[in-house]
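Below is one structure, written out as structure tokens; comments come after it.
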Amino acid sequence: MSTPRSAGRSHAPVAATARGSFTSGFGVLAATLGSAVGLGNIWKFPSLTGANGGAGFLLVYLLATLLIGLPLMVAEISIGRQARANPITALRQLAPAGQPWWLLGVAGMLAAFLILSFYSEVVAWVFAYVAKALGGQLLSSDPAVTQAAFEALIGDPVSALLWQWGVLGFIGAILLLGVAKGIEALTKKLMPLLFLLLLLLCAYSLTLPGAAQALAFLFLPEWHKISAPVVLTAMGLAFFKLSIGMGTMLTYGSYFGAQQNIPATAARVMAADLCVSLLAGMAIFPAVFSFGFAPSAGPSLVFITIPAVFAQMPAGQVLMAAFFVLTAIAATGAMLSLMEVPVATLHERWGLSRARATLLTLLALVVPGAGCALSQSTLAHFKPGGRSLFDWADFLSSNLLLPAGGIGIALFVGWAWGAQALRAALRGEGPPSHARLAGPIAWLLRWVTPPLILLVMLGGLGVFG
Ligand code: PFF
């Protein structure tokens, strides 16, 4: 339990701690929202909704977010703020003596690396698309042409790797600036910009002739499409979206101010994140329907369908550049939070400087990152169990590791830490009202969350036949 700071941690005023922390309420919100909002909203949410039947999927996703996601998010942030430490140290510190809950922190680190490995590659495609869009390439109303452009990009091992390293280096450089000057300062500027761009795109898209069809598709449920695997996918998306189940929110919680209202912040983040997803859906689907494309085009929706759709619009060039810049902005905040987990852990637990911790994290990502980056080229035929390494990383993290991490956090808070401790953590230095929800949340985490997640996981994986 050798941590640089432990005694008195939870009650020291934020500004007085030697450790990095967010410096304002808006900064906390922007950084946390920056973690939640990402490729999940723009690349995963629309394509999963499209592929799984629209509104019915949306409803299951909403339920999973409210019933499972929100209490877990509150729990993770509370643990982080109470311990003021990275996930491994925090769980070690707060667990009853001799109980190895810190292993959850280790599992979280693994999940972070797994997600970073494939996520960084998709972000690489987004950054490459920003460059191409600004340079006037990519525009063709023929999906066969935009498909060929996308395949040329992902099928070239050298450019796949170079773009990935470029992205990883860029995120590493921001992290070197620290929690307040790097993460907080940047996300405070980027988040409002993201909303503005998205609103503009959405307003434009809703004037297109396919808008009514798109809204019906997004908001009228088709119940027959809901199956056990679809429910697991929706729950996995809820975990992925809210960045929970792997210690990211725990790590960010450790930078929260002592007076910050945790449940209110978590609820705001959840609501704003949902707004971004819905806005993204309402920006993408009207255009897709208006120009006669299929809404269920899967992940290629963003990289193949969208450019073809933009090519048919007036000022399509500018709009498309705006769209990919927006996606890049969203992805940056999420990548920062993903990488902050290993960086904070290496920095605090093993006493490395932030610079060395960042460098080591980047180095550790080279091999698994390359495995995912090359999945569409050099390793295209390497598909153990029918999935590429990229698809395995995506599937395992969302459908297995994050939900399993969620069960672990729920069990920890519900059974080992307890409602009293949660109450004290939620209160921090704020008024008693901040801890009002401690009882119901602890109860949910004790009795409802673990069996519910387990049931959805087993059902989705086909265990019940
Ligand atoms: N929430 C991010 C998104 O939706 O793109 C992805 C993510 C970030 C997942 C951080 C997990 C995480 F810890």
Side-chain angles (χ1 to χ4, degrees), residues 30-49 61 64-65 69-70 72-73 76-77 80 86-87 104-105 107-126 167-168 171 175 183 187 190-191 194 198 233-255 266 269-270 272-281 299 302 326-345 361 365 393-406 408-409:
T32 314
L33 186 60
S35 168
V37 168
L39 293 177
N41 305 66
I42 296 161
W43 172 63
K44 268 186 177 241
F45 176 85
S47 65
L48 285 178
T49 307
Y61 164 69
T65 302
L70 204 52
L72 278 173
M73 189 169 169
E76 271 199 37
I77 296 176
N86 65 83
L104 270 177
M109 280 267 270
L110 289 181
F113 275 102
L114 205 62
I115 297 180
L116 276 167
S117 304
F118 78 90
Y119 204 85
S120 59
E121 187 51 27
V122 186
V123 182
W125 302 337
V126 172
V167 165
L168 287 171
I171 302 294
L175 285 182
I183 300 175
T187 48
L190 291 186
M191 278 297 116
L194 175 90
L198 203 50
T233 307
M235 186 180 78
L237 181 65
F239 275 91
F240 189 84
K241 281 293 333 101
L242 296 179
S243 312
I244 48 175
M246 49 158 286
T248 305
M249 284 299 159
L250 196 160
T251 307
Y252 270 26
S254 74
Y255 306 135
V269 168
M270 191 217 91
D273 176 65
L274 187 70
C275 278
V276 175
S277 290
L278 291 175
L279 285 176
V302 167
L326 175 150
T327 311
I329 291 174
T332 300
M335 285 270 299
L336 285 173
S337 72
L338 275 163
M339 236 196 243
E340 178 64 16
V341 176
V343 168
T345 306
T361 303
L365 274 168
D394 185 4
F395 175 81
L396 282 179
S397 50
S398 281
N399 294 341
L400 223 65
L401 283 177
L402 297 188
I409 291 290

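Ligands are counted one by one from 1 in listed order, and the atoms in each one are counted from 1 as well. Since the structure is predicted, the reported quantities are computational estimates derived from the model, not experimental observations.
The proximity of Met246 to ligand 1, defined as any non-hydrogen pair under 4.0 Å, is limited to the side chain.
When only interatomic distances are considered, the shortest N/O to N/O separation between Ala36 and ligand 1 falls below 3.5 Å. Between Ser35 and ligand 1, an N or O atom pair is found at a separation short of 3.5 Å. Residue Leu39 has at least one N or O atom closer than 3.5 Å to an N or O atom of ligand 1.
Minimum heavy-atom separation, Ala330 to Ile42: CB-CD1, 4.1 Å. Shortest non-hydrogen contact noted between Leu168 and Ser120 is CD2-CB, 3.9 Å.
Using a distance-only test at 3.5 Å, with no hydrogens or angles considered, a donor-acceptor pair links the side chain of Glu76 to the main chain of Gly245. Of the possible polar contacts, one joining the Tyr119 side chain to the Leu39 backbone as a donor-acceptor pair under 3.5 Å is found. With Ser397 contributing its side chain and Asp394 its backbone, the two residues share a donor-acceptor pair below 3.5 Å.
Atom 4 (O) of ligand 1 has Lys241 NZ, 2.5 Å as its closest protein atom, hydrogens excluded (heavy atom only). Looking only at heavy atoms of the protein, atom 8 (C) of ligand 1 is closest to Ser243 OG, 3.4 Å. Nearest protein neighbour of atom 5 (O) of ligand 1, counting heavy atoms only, is Tyr119 OH, 2.5 Å. Ranking protein heavy atoms by distance to atom 13 (F) of ligand 1, first place goes to Thr248 OG1, 2.4 Å.
A donor-acceptor contact under 3.5 angstrom links the side chains of Ser337 and Ser35, judged on distance only. There is a side-chain donor-acceptor pair under 3.5 Å between Asn41 and Ser277.
Shown in contact with Ser337 at under 4.0 Å from a heavy atom are these atoms of ligand 1, numbered in order with element: 10 (C). Interface of Gly40 with ligand 1, defined as ligand atoms under 4.0 Å from a residue heavy atom, comprises 3 (C), 4 (O), 5 (O).
Considering only non-hydrogen atoms, atom 7 (C) of ligand 1 lies nearest to Phe240 out of Phe240, Trp43, Phe239, Phe45.
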Inset, instruction - Would you sort out whether Asp273 and Phe45 count as a side chain to side chain contact (heavy atoms under 4.5 Å, CB included), showing the intermediate values? - result: CA-CA 11 Å; Asp273 176 65; Phe45 176 85; over 6 Å; no
